[in-house]
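For reference, the structure discussed in these notes is given below.
Counting starts at 1 for both ligands and their atoms, following the listed order.
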Amino acid sequence: MKAVILAGGLGTRLRPLTFSMPKPLIPMAGPPMVRHIIDPLPKEVDTVILAVSYMKDLLERYFRENDVGRDIILINEDEPMGTGGALKNVSKWLDDTFFAFNGDVICSIDLTTMLEVHKAHRGIGTMALWPVSDPSAFGVAATDDLGRITTFQEKPPKGKELSNKINAGAYIFEPALLDHISEGVVSLEREVFPHILHRSLYGYTFDGYWIDAGTRENFLCAQHILLDRGQSNTCGIDNYPTGVRVIGNNLIETDYLEPSTIGPNVYVENGAKVCRGATISNSLIMEGAIIGNRATVLNCMVGPGAIVDDGVTISDEILA
Ligand code: GDD
Ligand code: MG
């Protein structure tokens, strides 16, 4: 079975970090973000197709150097073709039921159960749905008693939403869906979904957690959930050098650790340096970054090699 990951966005809301690395490769509680989509895929998924349009070379290098246990096909779009255009562009590989994912979503969905439900319904597709209090910033799906989607509104004006369930960005489709996508730049959400409802597009509501990790706040929130769930190898305080005070769940890979206060929700990648008296919380500190003596870092993403000078406080920032 194949899974397509839509990962063609420029990651504008994570700039300047995404000027030098594509969003799927930003490390989240250990592995790059895209691994949090690939690793939980059901065993029957043998091939993952990544539809990208930005920094394909870096993604290619990552998958050359790291065996992820599935075949990876990277397809580049010279110009972004939209979420529908991107699927159409890889349609030659999609001759059977397939998964598709927005590349920026971190969630707890049970894909095996979703697949069983999809097969039982025999519709053209199944869209994962997630209930929220303010759905206006998302795709909104209303369903009937059988779970069939009756209306789909992409980012409706506030107050005009017909449901509180949003498109969670995880789908199972039959290849027949591809016949409903025209050539060129096409939005799945705006130009395809509203027109295939008569072919039975079902909703699948799940629980647990769900986050679109495309902004700094949401990225750090997703990191927090993953660290708390122990999906990454959070360490106990016993492992840290004397004088290092650790609060809550964190993942600290680096050896360059001077007496400092770290946590909660901090991931310090291997090769970063935390100097004496520094305080870090709710942040990502990437390889080669240096957090200076008595520096304070709150709610930040600190990119590879970035330096926070001695005594400086930064909060709510992305540094690269
Ligand atoms: N290959 C490719 N080409 N991928 C694309 C393109 C494109 O032209 N445009 C967007 N993508 C990818 C993005 O990289 C992202 O992973 C995913 O498709 C969704 O695009 P976003 O730009 O992040 O959309 P959104 O977050 O505003 O809305 C989408 O996600 C919501 C859930 O987070 C929609 O699918 C909504 O309906 C949904 O509720
Ligand atoms: Mg998004």
Side-chain angles (χ1 to χ4, degrees), residues 3-15 18 21-26 28 32-34 36-38 48-56 59 72-91 93-94 99-107 109 125-142 149 151-156 161-171 173 177 181-194 196 201 203-206 209-219 221-222:
V4 183
I5 301 179
L6 300 167
L10 302 178
T12 47
R13 291 168 301 173
L14 291 177
R15 283 178 180 166
T18 43
M21 82 167 36
K23 187 162 63 175
L25 290 187
I26 300 177
M28 181 183 276
M33 206 163 133
V34 70
H36 295 292
I37 299 177
I38 296 175
V48 175
I49 301 165
L50 269 152
V52 303
S53 67
Y54 185 60
M55 297 196 181
K56 180 180 180 234
L59 284 153
I72 300 286
I73 301 174
L74 268 165
I75 300 298
N76 191 56
E77 297 152 36
D78 291 335
E79 293 295 329
M81 299 182 72
T83 45
L87 278 189
K88 186 83 170 178
N89 193 41
V90 301
S91 53
W93 285 281
L94 304 175
F99 285 101
F101 300 95
N102 286 354
D104 52 5
V105 162
I106 301 295
C107 70
I109 193 166
T126 302
M127 175 190 294
L129 301 180
W130 177 255
V132 296
S133 51
D134 176 9
S136 63
F138 301 99
V140 179
I149 296 175
T151 50
F152 187 83
Q153 312 162 281
E154 181 64 14
K155 314 210 169 96
E161 309 91 341
L162 295 173
S163 149
N164 71 331
K165 289 191 176 163
I166 63 160
N167 168 16
Y171 316 97
F173 293 126
L177 173 96
I181 306 176
S182 45
E183 297 295 332
V185 179
V186 178
S187 159
L188 209 47
E189 296 87 343
R190 294 181 191 279
E191 296 165 75
V192 181
F193 294 152
I196 57 162
L201 180 64
Y204 174 76
T205 308
F206 64 102
Y209 58 87
W210 179 90
I211 295 184
D212 178 332
T215 63
R216 177 186 52 78
E217 286 101 320
N218 288 350
F219 183 96
C221 189

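- Distances between N or O atoms of Gly139 and those of ligand 1 include at least one value under 3.5 Å.
- Any N or O atom pair closer than 3.5 Å counts here, and Gly9 shares at least one such pair with ligand 1.
- In Trp130, neither the side chain nor the backbone holds a heavy atom less than 4.0 Å from any atom of ligand 1.
- Rounding to the nearest 0.5 Å gives a distance of 5.5 Å between CE of Met33 and CG of Asp104.
- Checking atom 1 (N) of ligand 1 against the protein gives a heavy-atom contact under 4.0 Å.
- Leu14 and Arg216 make their closest contact through CD2-N, 3.5 Å (heavy atoms, listed as atom of the first residue, atom of the second, distance).
- Nearest protein neighbour of atom 33 (O) of ligand 1, counting heavy atoms only, is Asp212 OD2, 2.8 Å.
- Between the CD atom of Glu217 and the CD1 atom of Ile211 there is a distance of 11.5 Å, given to the nearest 0.5 Å.
- The ligand atoms of ligand 1 that sit less than 4.0 angstrom from a heavy atom of Ala86 are 1 (N), 2 (C), 3 (N).
- Considering both main-chain and side-chain atoms, Gly169 never comes within under 3.5 Å of ligand 1 through any nitrogen or oxygen pair.
- Annotation: the span from Met127 atom CE to Leu201 atom CG amounts to 5.0 Å, rounded to 0.5 Å.
- With no hydrogens or angles considered, a side-chain donor-acceptor pair links Thr83 and Glu189 at under 3.5 Å.
- Contact detail for Val186 and Glu183: the closest heavy-atom pair is CG2-O, 4.1 Å.
- Counting the atoms of ligand 1 from 1 in the order shown, those under 4.0 Å from a heavy atom of Tyr171 are 35 (O).
- Between the side chain of Tyr54 and the backbone N or O of Thr18, at least one donor-acceptor pair lies under 3.5 Å.
- The backbone N or O of Leu94 lies less than 3.5 Å from no partner atom in the side chain of Ser91, so there is not a single donor-acceptor pair.
- Note: Phe193 and Tyr171 meet the aromatic proximity criterion, with ring centroids under 6.0 Å apart.
- Between the CZ atom of Phe219 and the CG atom of Asp212 there is a distance of 12.5 Å, given to the nearest 0.5 Å.
- Trp130 places no side-chain N or O within donor-acceptor distance of the main-chain N or O of Lys165, the cut-off being under 3.5 Å.
- Closest protein heavy atom to atom 3 (N) of ligand 1: Glu77 OE1, 2.9 Å.
- The N/O atoms of Gly82, backbone and side chain alike, include one that comes under 3.5 Å of an N/O atom in ligand 1.
- Between the side chain of Glu154 and the main chain of Val140, no donor-acceptor pair closer than 3.5 Å is present.
- Polar contact with ligand 1: absent for Phe152 (N/O pair, distance under 3.5 Å).
- When the N, O or S atoms of Asp104 are ranked by distance to the Mg ion (ligand 2), OD2 comes first.
- Atom-to-atom distance recorded for Phe101:CZ and Ile5:CD1 is 7.0 Å, nearest 0.5 angstrom.
- In this structure, CG on Leu6 lies 6.0 Å from CG on Asn102, to the nearest 0.5 angstrom.
- The Ala7 neighbourhood of ligand 1 comprises atoms 4 (N), 14 (O), with distances under 4.0 Å to a heavy atom of that residue.
- Heavy atoms of Ala51 found under 4.0 angstrom from ligand 1 belong to the backbone as well as the side chain.
- Scanning the protein for heavy atoms near atom 12 (C) of ligand 1, the closest one is Leu6 O, 3.5 Å.
- With hydrogens left out, the protein atom closest to atom 37 (O) of ligand 1 is Glu154 OE1, 2.7 Å, a heavy atom.
- Counting heavy atoms closer than 4.0 Å to ligand 1, residue Trp210 contributes side-chain atoms (C-beta onward) but none from N, CA, C or O.
- For the pair Gly8 and ligand 1, the shortest N or O to N or O distance falls below 3.5 Å.
- Among the atoms of Thr83, none of the N or O lies under 3.5 angstrom from an N or O of ligand 1.
- Within the 4.0 Å heavy-atom criterion, neither part of Ile166 lies near ligand 1.
- When heavy-atom distances to ligand 1 are checked against a 4.0 Å cut-off, Met81 comes that close only through its backbone atoms N, CA, C and O.
- The protein heavy-atom contact nearest to atom 35 (O) of ligand 1 is Glu189 OE2, 2.5 Å.
- Look at Gly214 and you'll find every heavy atom at least 4.0 Å from all atoms of ligand 1.
- Ligand 1 lies less than 4.0 angstrom from a heavy atom belonging to Lys155.
- In terms of modelled atom types and a separation under 3.5 Å, the side chain of Asn167 and the main chain of Gly169 share a donor-acceptor contact.
- Distances from the Mg ion (ligand 2) to each N, O or S atom of Asp212 single out OD2 as the nearest.
- Assignment of Phe193 to the shell around ligand 1 is not supported, since no heavy atom sits closer than 4.0 Å.
- Under 3.5 Å, the side chains of Ser136 and Lys155 contain no donor-acceptor pair of N or O atoms.
- When the options Asn167, Asp104, Asn102 are ranked by their closest heavy atom to atom 21 (P) of ligand 1, first place goes to Asp104.
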